[in-house]
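Residues: numbered from 1 along the sequence shown.
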Amino acid sequence: MRLFSSSSSAAKAQNNGAKSRVFLYLNVYDLTPINNYLYWFGLGIFHSGIEVHGMEYGFGAHEYPTSGVFEVEPRSCPGFIFRRSVMLGSTDMSRAEFRSFMEHLSGKYHGDTYHLIAKNCNHFTDEVCLHLTGKPIPGWVNRLARFGSFCNCLLPESIQATAIRHLPDHPIYSGKFVVLSYLV
């Protein structure tokens with residue numbers, strides 16, 4: 001797995017600018033063995049990645065304010081158990097156009113902004129899919145996160161979705177001024 005960047009070797013692949021219709025796949029992975037039971041009820045805790053132009057792109061958490069978008073060989077995301085691929089449609093976006101699109105989108109998906117309920121890997125793949133095909137990913141892939149957002153008050157505080165974080169207990173002093181920062 002490597003973090004997505006414009007200088008990665010995949011960007012230098014042959015036929016970089018050539019246009020042709022390519023298929024778009026959603027690769028779905030299990031995060032827990034309990035999915036073997038939940039899956040049959042249309043539920044589960046899943047990771048997903050978008051496969052296009054021979055690579056798979058996903059979004060994951062890390063503690064830095066840099067892109068959390070990464071690329072891997074299709075259907076082989078480390079740490080997850082591959083469940084299935086779902087064909088989402090096709091795009092005529094060339095490899096170079098797609099890489100440019102991913103560079104732009106990865107600016108919105110920093111690793112330190114990952115949130116299990118509000119901004120996870122499935123939200124990322126849904127946005128990519130909507131942009132490329134005009135259709136969302138299948139609803140079952142992120143159903144538990146949507147359910148969690150409706151039942152936010154029942155969730156542990158550590159994973160509750162909030163639009164505005166609390167102010168720090170102690171303001172930050174900068175010379176003569178008190179700096180209060182609101183994070184959205």
Spacing of Met102 atom CE and Ser67 atom OG [to the nearest 0.5 Å]: 8.0 Å

Closest heavy-atom pair and its distance - Met93, His53: O-NE2, 2.9 Å

Ser100 side chain to Ala96 backbone, donor-acceptor under 3.5 Å: no

Lys119 NZ/CZ over Tyr109 ring centroid, <6.0 Å and within 45° of normal: yes

Full working for side chain to side chain contact (heavy atoms under 4.5 Å, CB included) between Phe70 and Cys77: CA-CA 10 Å; Phe70 60 89; Cys77 193; 3.7 Å; yes

Check: Asn35 side chain, Ile45 main-chain N or O, donor-acceptor pair, under 3.5 Å: yes

Hydrophobic cluster membership, Val86 vs Trp40, 4.5 Å side-chain cutoff: yes

Side chain His62, main chain Tyr64, donor-acceptor under 3.5 Å: yes

Beyond-backbone contact of Phe80 with Val28, side-chain heavy atoms, under 4.5 angstrom: no

Donor-acceptor contact present, side-chain Asn120 to main-chain Asn122, <3.5 Å: yes

Residues Asp126, Asn142; criterion side chain to side chain donor-acceptor pair (under 3.5 Å); working and verdict: CA-CA 9 Å; Asp126 191 54; Asn142 208 24; over 6 Å; no

Glu56 side, atom CD; Glu71 side, atom CD - distance, nearest 0.5 Å: 11.0 Å

Close side-chain approach of Tyr57 and Phe98, heavy atoms under 4.5 Å: yes

Ile81-Leu144 co-clustered via ILVMFWY side chain contacts under 4.5 Å: no

Over all atoms of both residues, closest heavy-atom pair of Val72 and Pro78: CG1-CD, 4.1 Å

Within the 6.0 Å centroid threshold, strictly below: Phe59 and Tyr114: yes

Main-chain N/O of Ala118 paired to His115 side chain as donor or acceptor, under 3.5 Å: yes

For the student: nearest non-hydrogen atoms of Arg75 and Ser85, plus distance: CD-OG, 3.6 Å

Closest contact, heavy atoms only, Ser90 versus Arg21: OG-NE, 3.4 Å

Separation of Leu26 CG from Phe46 CZ (nearest 0.5 Å): 10.5 Å

Intermediate values then yes/no, side chain to side chain contact (heavy atoms under 4.5 Å, CB included), Thr91 and Val52: CA-CA 9 Å; Thr91 182; Val52 64; 4.3 Å; yes

Nearest-0.5 Å distance that lies between atom CD1 in Ile117 and atom NE2 in His123: 8.0 Å

Nearest-0.5 Å distance that lies between atom OG in Ser20 and atom CG in Asp92: 9.0 Å

Side chain Thr133, main chain Leu130, donor-acceptor under 3.5 Å: no

Leu24 CG to Leu88 CG distance, which is reported to the nearest 0.5 Å: 5.0 Å

Full working for side chain to side chain contact (heavy atoms under 4.5 Å, CB included) between Phe23 and Glu51: CA-CA 8 Å; Phe23 289 111; Glu51 180 182 345; over 6 Å; no

Donor-acceptor pair, side chain of Arg84 and main chain of Asn27, under 3.5 angstrom: no

Single-linkage hydrophobic cluster Tyr25~Val128, side-chain heavy atoms < 4.5 angstrom: no

Short side-chain to backbone donor-acceptor contact, Ser94 and Glu97, under 3.5 Å: yes

Contact summary for Cys121 and His47, nearest pair of heavy atoms: SG-ND1, 3.2 Å

